[in-house]
Amino acid sequence: MLLSATPPPGPRPAQEVRLYEEAARHRGLTPPRTHPLASITWLGPAASNPALAFRVGGDPAHLAESRRWIEAAVRLPHWGRAHMPDHDLDAGWLLHHLSLAYRWIGDELPDGVRALLRYKLLLQGRRMYEFAVASEGRWWSSSYWQNHNWICYAGLATAGYVLGKEEWTERAKDNLGKVLDLMPEDGSHAEGVVYWRYGVPFLAIHLDLLQEAEGIDWWGRGGFLSHTFRYRLHQSAPGFAFNVDHGDCHDRRSGHSAGLYYRLAAQYGIPEAQWMGDLASGELLWQEAAESGVRPGILPEAYLEYLWFDPSVPGARPTETRAFFPDLGLLAARTGWDDDATLVSFKASPGGGHKAWETAAKHRAERGWETLDQGHHHPDSGSFVLVSQGAFLAVDEGYSNRKRAAHHNLLLVDGQGYADEDRYHVYRDIPYERQARQRDVLVDPGCGWAHATAEIAAMYDPGLGVRRLDRTLVFTPSGRLVLLDLAEADTEREWTFLLQTDRPTEPQPDGSRLIRSGAASALVRQFAPLDGPVVSGATEVEANPTSSTPELRLTRTLHTLRARTARSSHGLFLTAITPGPAAVAAERVVCAKGEGVTFGEETVLLSPVTRRIRTAAVSADAAAVLLGGEGSAPYAVAATRLELDGRVLLDVPEPYTGKVG
């Protein structure tokens, strides 16, 4: 598709309009005569989109526009200025786009321009190739789970196929095979949604090139590409315009790639991906383009939308409301997909996810290579994001250079977050054993309940003697949250519960706190501890999100609610969060064993450690018992026995999770 500029058969009027609009978008700009300090990645698509538009429509104005930007790019002595000139993202982007332009319109260019472009591509490709060889085992050359690796090698591969440089294409192909084998099969991505939309399209680009140039079909290799749309889908906020911002996210509107959606839809027959592609390239396009903090952004992908859109694939609005991605320990649950629906996203895993953490440890031990770059990963295992009524209520920090657990909805021990935090590469050089994980996961799509327990004790300084720090999160069918945090340490510690919001929470007469965000709201009720101090204050977060533009700074103010226990070797927080302006009052359930919260028709009973639950109506040996309204069946988590109102509903030798009766 890409090399021959040949899309799947069938009409594509919307994609053609997009292509022509993008081809003309820079006509009022004067190309730079010297290299600006900022990134020049945008120069590539400024040339390739009008080149394709000329191939499609034959308008000589598009040919002239492409030539304008080609000449600007090739006269720059280096591609990239502030960070790793010729060896990183600027060079990767320009190699890809200008190689395609050379392939598509090279014969239409004057001899001198064509020769200069070919020379420049050979020069930059050689620089990129030699750096990749020389730096193997360090930085992006072998950072298999990182967007720099995918973009730079895809750029090298594009140039290699266009110029006939087999040495380049073979090295890039070898890397691509490793990446596909090592990425998680569940499709999740630890760098977060923003870097998913920035980097994963280049994996699809490389696969497209490989298939067209060599006849090799690796689209099914490893499983990541075939499942990654589902990951991206479930990190969409209700209404689809915004994204959940786990990992490094410049903002909440930089998550869509219509071109990639179309390619995944065509390759794997995913109707929801086709539908999302239409949405992202239509209704949502210009607002994302205006508000996104990532450049070049979504607009330059017009060439991919045109070439990857397959009109024969039907579109369908998403309906699945529950998902769990085991590699990243990511639980996503929502009440629906409309703008006012409620969503929670809750994660816990080792740095980079289980597969990357395990494999990188082997590379380190066997080869002395550092292959897991954690620059975009956060100390956020056990944290969650809550969206409801069209607004973010419990929020994430988004992006920071000095990453801290205190920027997330987490817990502190004696005021301390994760060990070795407060730096950019927060997981670098930490012990292999320092891992978080999820257990006791319930995500039955038919029941409406979602449950998981995050184990995060290992993430804290061993000197604190934290033996246990488990967070259980339950999402009810109506979109209410129950959190149970259980902590143990060798000596007395002060335990602090953190809740991050965009605006200060408001104290209520009954001791609860109200979260407001525009017209949206949620009531936070903490049942334990009963007498601990609760304070609210601002937390400032600053980041430079791109080394290619060193003067750029993002700043954000979080409003942090802190609830603390008295010093004790054991800590317990029991919290209910009820979204909505007419929130049903949560009440604590009297339990002889375990902990419980009821919202009337929905009751959550928890005992994640001892697995003994005893109330007036329930006797269970289980991590959780979840009760809905009248006539609905109970659900249990890790249960061997459940007795409800004197009737034994479950009695099994092995722990069972799911619907009972």
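Each residue takes its place number in the sequence, starting with 1. What's counted below: heavy atoms across the whole structure, side chains too, no hydrogens, waters or symmetry copies.
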Between atom CZ of Arg480 and atom CG of Leu386, what is the distance when rounded to the nearest 0.5 Å? 13.0 Å
Can you see whether [Y] has [X] sitting over its ring - NZ or CZ less than 6.0 Å from the centre and within 45° of the normal?
{"X": "Arg252", "Y": "Phe392", "answer": "yes"}
{"X": "Arg404", "Y": "Tyr418", "answer": "no"}
{"X": "Arg493", "Y": "Trp495", "answer": "no"}

Is [X] salt-bridged to [Y], cutoff N-O under 4.0 Å?
{"X": "Glu488", "Y": "Arg467", "value": "yes"}
{"X": "Asp251", "Y": "Arg253", "value": "no"}
{"X": "Arg334", "Y": "Glu320", "value": "no"}
{"X": "Asp461", "Y": "Arg434", "value": "no"}
{"X": "Glu272", "Y": "Arg230", "value": "no"}

Can you classify the ring geometry of Tyr195 versus Tyr399 as parallel (below 30°), tilted (30 to 60°) or perpendicular (above 60°)? tilted
Please tell me whether [X] and [Y] form a close aromatic pair, meaning their ring centres lie under 6.0 Å apart.
{"X": "His246", "Y": "His378", "answer": "no"}
{"X": "Trp275", "Y": "Phe240", "answer": "yes"}
{"X": "His256", "Y": "Tyr261", "answer": "yes"}

Could you tell me whether a side-chain N or O of Thr657 sits under 3.5 Å from a main-chain N or O of Ala638, the two making a donor and an acceptor? yes
Closer than 3.5 angstrom, by distance alone: can the side chain of Asp414 be matched with the main-chain N or O of Glu494 as a donor-acceptor pair? yes
Take Asp422 and Lys403 through the test salt bridge (charged side-chain N to carboxylate O under 4.0 Å, His left out) and record every step on the way to the result. CA-CA 5 Å; Asp422 197 28; Lys403 298 172 169 64; over 6 Å; no
Against Lys347, only a single residue in Asp380, Asp245, Asp327 fulfils salt bridge (charged side-chain N to carboxylate O under 4.0 Å, His left out); can you say which? Asp380
All N/O donor-acceptor pairs, side-chain side in residues 515-534, below 3.5 Å, sequence neighbours left out:
residue, atom, partner, partner atom, Å
Arg516, NE, Glu506, OE1, 3.1
Arg516, NE, Glu506, OE2, 2.9
Gln526, NE2, Thr575, OG1, 2.9

